[in-house]
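The structure under discussion appears below in the form of structure tokens.
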Amino acid sequence: MNISKLITSLGIRSTLKGYRYLKYGLELCMQNEDYLLAVYKELYPDIAEHFHATQDGVEHCIRTAVCSCWYKGNRKLLYKIAGYELLQKPTNSEFIDILYHYLDTQE
């Protein structure tokens, strides 16, 4: 499954800025998984630079996308992707990690 299809399947609309940031962030992680160890210090700044945004803006928009998935999206698919039922909304880093590992196993 490609990144765009996965994000859309989770109920995150492509009209959200967080959709684009999340997609690009996952593309970066697929190229270099070290980003997963430094989401705030390396991943967000690189996404922000690419989109001419601020690091805090990137974090906020991705959080909005995660909330969209959790409250209005396909939570059952998120549980399936994670491999277990999440008891609370995942943090941005957890969400990115879950999607990354799912995509990594699909290759």
Side-chain angles (χ1 to χ4, degrees):
M1 181 179 291
N2 72 31
I3 294 171
S4 297
K5 186 173 181 181
L6 176 61
I7 297 171
T8 304
S9 297
L10 287 167
I12 300 170
R13 297 179 322 279
S14 62
T15 55
L16 294 174
K17 280 185 184 178
Y19 173 95
R20 293 183 189 141
Y21 296 164
L22 189 57
K23 180 177 183 268
Y24 184 68
L26 285 167
E27 289 170 359
L28 291 176
C29 289
M30 296 306 290
Q31 294 169 13
N32 180 1
E33 70 178 19
D34 288 346
Y35 276 114
L36 296 172
L37 301 173
V39 172
Y40 199 80
K41 289 187 175 190
E42 293 180 21
L43 184 62
Y44 289 167
D46 287 356
I47 295 170
E49 183 179 334
H50 180 79
F51 288 99
H52 308 290
T54 66
Q55 183 173 331
D56 289 339
V58 167
E59 187 273 332
H60 173 77
C61 289
I62 291 177
R63 187 172 64 246
T64 300
V66 173
C67 287
S68 179
C69 171
W70 187 254
Y71 294 112
K72 298 186 235 173
N74 189 346
R75 203 184 291 189
K76 287 183 181 179
L77 178 60
L78 181 60
Y79 294 162
K80 181 181 172 196
I81 288 168
Y84 58 95
E85 186 173 333
L86 300 159
L87 301 178
Q88 61 188 19
K89 179 178 67 72
T91 64
N92 289 5
S93 297
E94 290 168 336
F95 192 77
I96 290 167
D97 187 63
I98 289 166
L99 299 189
Y100 166 80
H101 286 289
Y102 178 77
L103 289 163
D104 191 47
T105 61
Q106 298 303 304
E107 289 185 348

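For this chain, numbers begin at 1 and follow the sequence in order.
Asn92 places none of its side-chain heavy atoms less than 4.5 Å from the side chain of Tyr21. The shortest side-chain heavy-atom distance between Leu6 and Leu26 does not fall under the 4.5 Å cut-off. Two residues are said to be in side-chain contact when any heavy atoms from C-beta on lie closer than 4.5 Å; Asp104 and Tyr100 meet this criterion. Inter-residue side-chain proximity for His101 and Thr105 is flagged as unmet; no heavy-atom pair is nearer than 4.5 Å. Contact of the Ile96 side chain with the Tyr35 side chain is not registered, since no non-hydrogen atoms from C-beta on lie closer than 4.5 Å.
Considering all non-hydrogen atoms of both residues, Leu78 and Pro90 come closest at CD2-CG, 4.3 Å. When all heavy atoms of Val39 and Leu36 are compared, the closest pair comes out as CG2-O, 3.8 Å. Shortest non-hydrogen contact noted between Phe95 and Leu10 is CZ-CD1, 4.0 Å. Of all non-hydrogen atoms in Gly25 and Leu43, the two that sit nearest each other are O-CD1, 3.8 Å.
At most 12 heavy atoms of other shown residues, nucleotides or ligands fall within 6.0 angstrom of atom NZ in Lys17.
When the side chains of ILVMFWY residues are joined at heavy-atom separations under 4.5 Å, either directly or via intervening members, Leu37 and Leu103 end up in two distinct hydrophobic clusters.
A donor-acceptor pair is defined here as one N or O able to donate and one able to accept, closer than 3.5 Å; no such pair exists between the side chain of Ser68 and the backbone of Thr64.
Using bins of under 30°, 30° to 60° and over 60° for the plane-to-plane angle, the ring pair His50/Tyr24 lands in the parallel bin.
Between Tyr40 and Asp56, the side chains place a donor N or O and an acceptor N or O closer than 3.5 Å (distance only, hydrogens not considered).
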